[in-house]
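Count residues from 1 along the sequence. Side chains included, hydrogens not; waters and symmetry mates left out as well; all remaining heavy atoms used.
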Amino acid sequence: MKFCTDIHGLQRVNPTDFGGASVWEITPEERTKHDKQFDTLVPILGYVSGEQARKFFLQSGLPASVLAEIWHLADMDCDGKMDRQEFSIAMKLIKLKLQGRNLPSVLPITMKQPPVSNSASTIPSSARFGKDFSEDITATVQLKFHYILLSLFLQPNLLEVFNSPKTGASDWAVPQGARLKYRQQFNTLDKLMSGYLSGPQVRNALIASNLTQTQLATIWTLADVDKDGQLQADEFILAMHLVDMAKTGRPLPLTLPQDLVPPSFRTCTKDQEQWYDMSLSFEDKLKENFARGSAELEKRRLALEEEQRKERDRREREEREAHERREREAREQENRRRLEDERRLERQREMERQREEERRRELERKEAAKQEMERQRREEWEHGKREELGRRREGEQEEISRLRAKKKSLELELEAGNKHKQISDRLRDAQSKRRILKEEVDLVNQKRNTRIIEINTLQLQLEVKEMLFVTEKGVNCRRLKDQLDTLERETTDKLAQMEQYNKELKVDEKTVGEPGWLCGSYRGKKGWFPQSYAEKCPSPSTTETTPSSPGKSSCPPPLPLNAGTVPAQSDASQMTCSIVPNVKPRCSTNLTPQSSVPLLARAVSSWSATSETHLNLSSDADDVITALEDWWLGQLNGTRGWFPKTYVTLETGGNAEYEDTREKTHAHTHLSDVNFKLIYVALYTYESPEAGDLTFVEGDVVMVTEREGEWWRGCIGDQTGVFPSNYVRPVEPEVIQAATKPGAPIRKPEIAQAVTTAVAPTMHQLRLSPGQLIVVLAKNSTGWWLGELQARGKKRQRGWFHSSHVKLLGPSSSKSSPSPLPVCQVIAMYDYTAANRDELSFSKGQLISILDKTNPDWWKGDANGVTGLLPTNYVKMTTESDPSQQWCADLMTLDTMTPQERKRQGYIHELIQTEETYVEDLELVLEVFYKPMSESGCLTEAEMGVIFVNWRELIMCNTKLLKALRVRKKTEGENMPVQLIGDLLASELAHMQPYIHFCSCQLNAAALLQSKTHNQPDFKNFLKKIATNYRCKGMPLSSFLLKPMQRITRYPLLIKNILENTPDGHADRSPLIEALERAEELCSQVNEGVREKENSDRLEWIQSHVQCEGAIVHLVFNSLTNCLGPRKLLHSSRLYKTKSSRELWAFLFNDFLLLTHSAKPFSSSGSDRLFSLKTNIQLKMYKTPLFLNEVLVKMPPDPSSDEPLFHVSHIDRVYTLKTETLNERTTWVQKIKAASEHFIQTEKKKREKAYQARSLKTSGIGRLLVTVTEAQELKACKPNGKSNPYCELTMGAQCYTSRPISDTLNPKWNFNCQFFIKDLYQDVLCITVFEKDQFSPDDFLGRIEVPLATINKDMESKGAANRRLLLHEVPTGEVWVKLDLQLYEPTK
């Protein structure tokens, strides 16, 4: 209230105000001057308005803020206008401010008093205040009370003003308990009862708080509200409250908030001021007495309140003592009951001990009987053993006697045979040297023979070429002359024959046949003949024409009608015919002029003619024919016709030179028919995961269809695609089938006959019909062959056909391309099914011949005639293919080794070689792929990190291993056996941890690479371009990224092979065992890392695609569970509600089952498709998660039913769900059961552990009874500002846990427990408060530790009482406990 404020203001006025002159006093002269200025402002009804005074005051030049403060002090009645006295006070304050003085915080009383004369001011203050003081104060108090009573009757609302919260202390932020506490402390410090404390008096109390000087200075500034350098009672309470705030860690405010301002220093409300102004209107002269009287009344009121507080404390103490007495009685009763329970339990335990003792004695009896039987059996065994040893000893004695006799005879022989031994040793050495020299001579002879053969071959080729050149030149000259003479003779005959032929030949143009063929009759015979062999004659006179070649058809033409008759010979086995010179075989249109010398051939197999113009052959020895070219025209037993030359063999004698010439000429002619500009052979193997690429292996023939830039388009069989142009080279005519080596003679082409009908879906494939003949040009490993179709009357067609549609004809089939010689043989350790076309399928135990071992991870092999690629870690070497031959060239060294040691060294060599190849591949990736990709900027730095992960760390790991292996190899010697290698492997494999990180991120790398190549054609083309590097051998980047995983899985196999061939006593066996364990452990860690990464990715997917609601809105899936460690996704798939058939997506974790649903149906049923990065499905929570320790899964009553149903019971509700298949239902039931049992067992073990620690009977020195009543102001953990707290009490291994209280920060547990004490000075009582969370580990809310020695000390002084314990390591929180320590009396 305002008069209280005036009293405080009076206390702070300088004492000189009551005696001599005061700076605040307004003199009569100043008042007169102020009145004149007041009149100049033209007051209205004795008042000057705020606007009038504002303009006048601004003339002083003071700031507006200072003038506003002066207005606030001068306007005593707060009515917004000024009378003469208020105006005079304002002018006095302006004058003092201009003189440099500070404005008072409260208007001094001397300024409110009217000016007095000088005589009045000279009166001593002691006389003025001492005279009749008692009378004045009595009159003042009476007047004040009279006025208050009168005001209560005149103003009914006045009580509301006094009782308003604004006027009381109820809105002060300082708690009531703290006010009373610090008020008592203030009274204790204010020994002089002055009502305030100076700085030195407060200093000790503030320093005891252990706060910094800066914090104490800030607290003093905030608490000294009136800035007088002293603290009144409310200011001291405020200061101590700020100290408590700083000690609890809360920040101190920069300025004092309104709710911390003491009520006595707050401004009065407008109603109170108006009320106070009304009181001032009665007696202005007694203001000071009124103020003093009010102070006296306040002092008496406080004394009365103090007496009431003491009375209240006394009653509370009595009630507390009564309550403690009742609790003590209840506790004693509880102790008696507990003692009774303990005695009962002791009796039960005693009975159990007796039963256990009886069981133990029974077991001892059984054990004794068992031991007795064992003793008897052992004695029998020992008796039999002794007899056997006796017999053996007798036999050994006999053997010793025999050996002694033999020793004597040998000694005699040895004396006579020493010389013989020396001779034998010399002979053995000589034989060894001779064998070595012989091997060297054989090797030199072999090389010499090889060189001689090569020289002879070259000389023979040179001679043949020279002879052919000379012979061909002379033959050509003679042949040309003979042909010229013959042509002149035949011209006349030809004209006559044509005339006769035209007369007799009748053509039936109505008969429709194949294009290029006509139907006609001649000399009573009707048949087909080539259209190009005849022309329509307009008149009987015809011009002389010569038949042209029929073209490039491979089918034989019918017999020419103008051929001469062949006279028969006397010997049937040597029948010959004269070849008509102008008849040219259809298969050799480009042949050079040939000799007309007839060829003699013998049929080697039967052949049936397919038309009238063909000749039937039989394997009879007397069938001798003459022949020409692929389809030869010959005569047998007077019958002339065409037949395939592969069904006959040439007769010896007189035909060698002609045959050799024809073979060379035929091969040259045949190869010249093929357009070799379109046929290329693969230099390297090319593999690509892209759909539009053409893959092939080294040596395959490719037909090129488009050549543009660095990427060409071609086809192999039914496969068409693009491939890098630098992977192929043009095929040479002499090596089209990759079977003829340089310098070797050219062999005959293979002829195949179609056995089934084959359609041609593409333009580069041949359409086959049964019986058609094909010349095989090239063969590929995939089974697709390149050939030329020999169709009658049609142009020759070249294209692809599959080998399954044809069969090879005649003996020439044995001359097909020789298969590559096998490098070694391996045995399959596991079954393998081919995933691609170029891979080989095989079964466990199957023997496979290896054809190519260039790639250390994928070898090319042959099994049962099928060729393909196979993974190297699925097979093992056989005994026949000894790998030791690859590392040692010293035959003497190999002879000194056992077969087992040779195999061991071979496997060590394989390990070192494959390690070198692997490190080269790792470095190749950096040079060929990483560097260009990084420089091109096609990927960001983050994306490069995702694809290549820690590739450089892998290089560092394997480079270190490779260097160690090379040093060990160099130390042992080049091409020398390595004695120890296990120690290096064990040491280096322990540092292969970067593989765990790389392999776990490999799926993400492959997904990103696939996404980039699929969505960015430029990036795809860029990868193809850099992959054309010859060092890549056709493998793309994705293949190289798989090599680290393949290498890690191969280490155990390599080490196991070495270990299997290491003897038991070998020094390297123990290190190899350790290395094998570390390699297998590394593989396990890699697999676990991959699984954890996949689990983490799927949990993150669920986090972003499942909308959680309600209590789990803040659930983090990829986190720790409450008691089961990291959360794992065990299973997920689509389920259906049985009744509504609603589609649900269920996710089974290791702690709960989550059922979700989608607004839009999801097409895929697989979980892999669901967790794809491209999936944008959004799921909503269908039901609250079902914790697995609360569920029970059941099969339907009839499990044999075809409907895949199962039931999930959760507390009081049952969910009936349906899966898509019966197997899926079985999977769900088994996984839910296993996860539920694991959850329940984990909680059970935790409870049993705590129970066992409590149930152990201890011979302690006492016990501690603890009652945790409640906690206050705990930390909030939930989004709603609440928590679910529970407390855990421990003492050593003894542990008790209270029940959690939901949604509160002030839980009331009333939890009792008992601890047995072992050591009074070592045992510590720990009280920890946690927040109960079902989906994550319990949150920490505070902890307090109380040593039992401290509890014992407090018990001696205070006894059992409630204690308030502050929680540590948290900003707020306290626990109320009751401790009762009882020590046992020592036994006498």
Side-chain angles (χ1 to χ4, degrees), residues 1095 1098-1118 1121-1122 1124 1127-1172 1174-1240 1334-1335:
N1095 179 73
R1098 293 194 170 189
L1099 292 178
E1100 293 295 339
W1101 185 94
I1102 294 174
Q1103 188 74 51
S1104 60
H1105 290 78
V1106 176
Q1107 301 177 5
C1108 299
E1109 301 173 354
I1112 65 168
V1113 66
H1114 297 283
L1115 171 61
V1116 178
F1117 288 95
N1118 194 5
T1121 61
N1122 184 266
L1124 299 175
R1127 181 169 289 108
K1128 298 179 181 179
L1129 179 64
L1130 304 180
H1131 192 57
S1132 63
S1133 69
R1134 180 191 284 116
L1135 300 178
Y1136 299 93
K1137 291 282 292 180
T1138 305
K1139 296 182 179 179
S1140 61
S1141 297
R1142 184 172 188 176
E1143 181 185 82
L1144 302 176
W1145 275 97
F1147 301 93
L1148 177 63
F1149 303 94
N1150 55 342
D1151 56 343
F1152 65 87
L1153 173 65
L1154 180 63
L1155 299 177
T1156 63
H1157 66 93
S1158 173
K1160 297 180 180 179
F1162 188 56
S1163 59
S1164 177
S1165 61
S1167 59
D1168 294 336
R1169 179 71 181 276
L1170 177 68
F1171 294 108
S1172 173
K1174 300 180 181 179
T1175 304
N1176 56 0
I1177 185 175
Q1178 288 295 327
L1179 303 174
K1180 295 183 179 180
M1181 187 175 63
Y1182 176 68
K1183 292 293 181 182
T1184 305
L1186 312 179
F1187 286 95
L1188 298 182
N1189 60 342
E1190 301 172 350
V1191 302
L1192 180 63
V1193 61
K1194 296 180 180 179
M1195 297 286 282
D1198 185 10
S1200 61
S1201 175
D1202 294 338
E1203 197 168 7
L1205 303 177
F1206 67 98
H1207 307 285
V1208 178
S1209 302
H1210 180 248
I1211 307 177
D1212 56 349
R1213 184 166 183 178
V1214 178
Y1215 300 91
T1216 302
L1217 304 174
K1218 181 174 67 174
T1219 61
E1220 295 180 342
T1221 62
L1222 293 175
N1223 292 335
E1224 184 68 16
R1225 178 186 68 178
T1226 304
T1227 303
W1228 270 108
V1229 172
Q1230 292 177 352
K1231 288 185 177 292
I1232 293 177
K1233 281 185 178 180
S1236 177
E1237 291 176 358
H1238 181 257
F1239 198 162
I1240 294 173
Q1334 294 178 316
F1335 298 97

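Counting heavy atoms from C-beta on, the side chains of L1135 and T1219 come closer than 4.5 Å. You'll find the side chain of V1191 stays beyond 4.5 Å of the side chain of L1153, heavy atoms only. Within the 4.5 Å cutoff, no side-chain heavy atoms of F1117 are placed close to those of R1098. Between K1183 and H1210 there is no side-chain heavy-atom pair separated by less than 4.5 Å. In this structure, Y1182 and K1137 have side chains that are in contact, with non-hydrogen atoms separated by less than 4.5 Å. Side-chain contact between L1124 and H1238 is present, with at least one heavy-atom pair separated by less than 4.5 Å.
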Take N1150 and T1121, measure what side chain to side chain contact (heavy atoms under 4.5 Å, CB included) needs, and give me the verdict at the end.
CA-CA 9 Å; N1150 55 342; T1121 61; 3.8 Å; yes
As a quick check of understanding, evaluate side chain to side chain contact (heavy atoms under 4.5 Å, CB included) for F1206 and K1194, giving each step before the final call.
CA-CA 6 Å; F1206 67 98; K1194 296 180 180 179; over 6 Å; no
Stepwise side chain to side chain contact (heavy atoms under 4.5 Å, CB included) test for E1224 and H1131:
CA-CA 10 Å; E1224 184 68 16; H1131 192 57; 2.8 Å; yes
Apply side chain to side chain contact (heavy atoms under 4.5 Å, CB included) to residues L1148 and W1228 and explain how you reach the verdict.
CA-CA 9 Å; L1148 177 63; W1228 270 108; 3.7 Å; yes
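In this structure, CG in L1154 is found 7.0 Å from CZ in F1147, a value given to the nearest 0.5 Å. Here the CD-NE2 distance, from E1143 to H1157, works out to 11.0 Å after rounding to the nearest 0.5 Å. Within the model, atoms CZ of R1127 and CG of N1122 stand 9.5 Å from one another, a figure rounded to the nearest 0.5 Å. Between the CG atom in L1186 and the CG atom in D1151 there is a gap of 11.5 Å [rounded to 0.5 Å]. Note that the CG atom of L1192 and the CD1 atom of I1211 stand 12.5 Å from one another [nearest 0.5 Å]. Here the straight-line distance linking atom OG of S1133 with atom CZ of R1225 works out to 13.5 Å at 0.5 Å rounding.
Across L1130 and F1149, no two heavy atoms sit closer than the pair CD1-O, 3.8 Å. Here the closest heavy-atom approach between residue M1181 and residue T1156 is recorded as CA-CG2, 4.3 Å. When every heavy atom of S1236 is checked against every heavy atom of L1188, the shortest pair comes out as OG-O, 2.7 Å.
Distance alone, capped at 3.5 Å, places no donor-acceptor pair between the S1209 side chain and the V1214 backbone. Under a 3.5 Å cut-off, the side chain of N1118 and the backbone N or O of I1102 do not form any donor-acceptor pair. A side-chain donor-acceptor contact under 3.5 Å links T1138 to the backbone of T1216.
Taking a 6.0 Å sphere around NE2 of H1207, one finds it holds more than 12 heavy atoms contributed by other residues, nucleotides or ligands. A 6.0 Å sphere centred on NZ of K1128 holds no more than 12 heavy atoms belonging to other residues, nucleotides or ligands.
Contacts of N1189 classified as side-chain contact (heavy atoms from CB on, under 4.5 Å), with partners at least two apart in sequence or in another chain: F1187, F1239, I1240, E1243. Looking at residues two or more places apart in sequence or on another chain, you find no side-chain hydrogen bond (donor to acceptor under 3.5 Å, both in side chains) involving E1203.
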